[in-house]
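One structure below.
Bear in mind the structure is a predicted one, so any value in this text is a computation, not a measurement.
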Amino acid sequence: MTSEQLIEKNNQLREQLSPANKAYYENLLLYLRTKSLSKNDQQVETLLLEILQDMLEAEAKGISSKDYFGKSPQAYADDMIKVLPNDFIEAFKLILITIGSFTFFGFFPVC
């Protein structure tokens, strides 16, 4: 599956969560996506889908996300980010974008 397909499946499944679990998952999703910029997008989206499926299974058994994954979505996401390998191409793109932005705004200052 492509990253876009994984995101679409994720969006569909997310709607099945209870409001409390959905809020927990969305916090985790946002944090994981923003903190994993040097990781492979497809691996991150696959991980998010696996977490969502685990969350739905736990919810079906009456277990809340906080009880299943811990009280802090950020702490759980940090643990998951450590497991994902770095994607040097993504990191290189991020560095180029950063350098390009500084260069552009250096030549064309905002007044």
Sequence neighbours excluded - salt bridge (Lys or Arg N to Asp or Glu O under 4.0 Å) pairs with any residue from residues 3-30: Arg14-Glu26, Glu15-Lys22
A side-chain contact here means heavy atoms from C-beta on lying under 4.5 Å apart; do [X] and [Y] qualify?
X	Y	value
Leu48	Leu28	yes
Asn21	Leu56	no
Tyr25	Leu30	no
Glu59	Leu17	yes

Treat each ILVMFWY residue as a node, draw an edge where side-chain heavy atoms are under 4.5 Å apart, and state whether Ile81 and Met55 are in one component. yes
Are Leu52 and Tyr31 co-members of a hydrophobic cluster defined by side-chain heavy atoms under 4.5 Å apart? no
How far apart are the C-alpha atoms of Tyr76 and Leu32, what are their side-chain angles, what is the distance that settles it, and do they pass the side chain to side chain contact (heavy atoms under 4.5 Å, CB included) test? CA-CA 9 Å; Tyr76 184 73; Leu32 192 58; over 6 Å; no
Show your working on side chain to side chain contact (heavy atoms under 4.5 Å, CB included) between Arg33 and Ile7 and close with a plain yes or no. CA-CA 11 Å; Arg33 283 183 180 162; Ile7 291 170; 3.8 Å; yes
Check Tyr68 against Ala58 and note the closest heavy-atom contact, atom names and distance. CD1-CB, 3.7 Å
After noting the C-alpha distance and the side-chain angles of Leu29 and Asn10, does the key distance pass the side chain to side chain contact (heavy atoms under 4.5 Å, CB included) rule? CA-CA 10 Å; Leu29 177 140; Asn10 186 317; 4.0 Å; yes
I'd like to know whether Thr2 forms a side chain to side chain contact (heavy atoms under 4.5 Å, CB included) with Gln42, so could you lay out the CA-CA distance, the side-chain angles of the two residues, the decisive distance to 0.1 Å, and finally the verdict. CA-CA 7 Å; Thr2 67; Gln42 191 167 3; 5.7 Å; no
